[in-house]
Amino acid sequence: ELSPEKVGTFDVVFCFGVLYHLRNPLLALDNIARVTKQMTLINSVLIHERFPSEKLGEDVPVMRFVPGTELLGDMSYWWLPNALCLKEMILSSGFIRCEQVSGNCFRAFKA
């Protein structure tokens, strides 16, 4: 429900530890882009952090669905992307540039 009409717009937006708890993370990124004037910092758990034995290629954007209590009995997780998937999702949401600044932290720019 995040929108410029409800909350306004911001030069810098922080989105830390949220996306993997949402049923619709791409919609959330679309809405975050709508309220961002300049830059957003996004931190998210990535697949390899919770499922290190799964060999999902980092050269293909993929996101793993985590149903029910599969992840440590925690029902609040829904999706875990790999780094490339998260970057592509960010770019498809209206940001023009995205860079991975550390293992699971991304910086996205509107201009």
Side-chain angles (χ1 to χ4, degrees):
E1 298 181 19
L2 183 66
S3 71
E5 297 78 25
K6 289 183 180 180
V7 301
T9 57
F10 304 91
D11 292 334
V12 179
V13 174
F14 294 88
C15 179
F16 289 179
V18 174
L19 292 178
Y20 49 91
H21 293 298
L22 302 175
R23 286 181 56 90
N24 300 298
L26 193 53
L27 176 61
L29 286 169
D30 289 346
N31 291 337
I32 290 167
R34 291 176 57 213
V35 300
T36 301
K37 289 182 188 176
Q38 295 179 18
M39 179 183 70
T40 294
L41 292 166
I42 299 165
N43 177 281
S44 181
V45 175
L46 301 176
I47 292 173
H48 71 275
E49 294 175 291
R50 295 296 187 261
F51 296 97
S53 63
E54 292 186 11
K55 302 299 180 199
L56 298 169
E58 288 298 312
D59 56 339
V60 176
V62 295
M63 188 154 50
R64 187 186 195 287
F65 179 60
V66 185
T69 60
E70 183 178 356
L71 188 58
L72 306 172
D74 187 341
M75 292 184 66
S76 71
Y77 282 79
W78 287 99
W79 299 100
L80 297 177
N82 67 4
L84 181 57
C85 180
L86 183 53
K87 182 177 181 180
E88 293 297 330
M89 288 171 62
I90 291 166
L91 291 172
S92 76
S93 295
F95 293 95
I96 62 167
R97 187 166 52 97
C98 177
E99 55 192 36
Q100 189 172 358
V101 292
S102 71
N104 59 358
C105 190
F106 296 76
R107 185 169 37 209
F109 299 91
K110 291 293 292 263

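For this chain, numbers begin at 1 and follow the sequence in order.
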- Can any side-chain N or O of Glu88 pair as donor or acceptor with the backbone N or O of Cys85 at less than 3.5 Å? no
- Task: Have a look at Val13 and tell me which of Ile32, Ile42, Leu41 forms a side-chain contact (heavy atoms from CB on, under 4.5 Å) with it.
- Result: Ile32
- What is the distance from atom CZ of Arg34 to atom NZ of Lys6, rounded to the nearest 0.5 Å? 9.5 Å
- Item | Pair Trp78 and Tyr20, ring centroids less than 6.0 Å apart | no
- Query: How long is the span from the CG atom in Leu22 to the CG atom in Leu29, to the nearest 0.5 Å?
  - Reply: 9.0 Å
- Row check, Tyr77 ring normal vs Arg50 NZ/CZ: under 6.0 Å, within 45°: no
- Query: Just how far is it from atom SG of Cys98 to atom CD1 of Ile90, taken to the nearest 0.5 Å?
  - Reply: 4.0 Å
- Spell out, as yes or no, whether a donor-acceptor pair under 3.5 Å connects the side chain of Lys87 to the backbone of Gln100. no
- CE-CE distance between Met89 and Met63, expressed to the nearest 0.5 angstrom: 4.0 Å
- Query: Does the Thr36 side chain pair with the main chain of Met39, one donor and one acceptor, at a distance under 3.5 Å?
  - Reply: no
- Query: Hey, what do you get for CG (Asp74) to NE2 (His21), rounding to the nearest 0.5 Å?
  - Reply: 6.5 Å
- Under 3.5 Å side-chain donor-acceptor pair for Asp30 and Ser93: yes
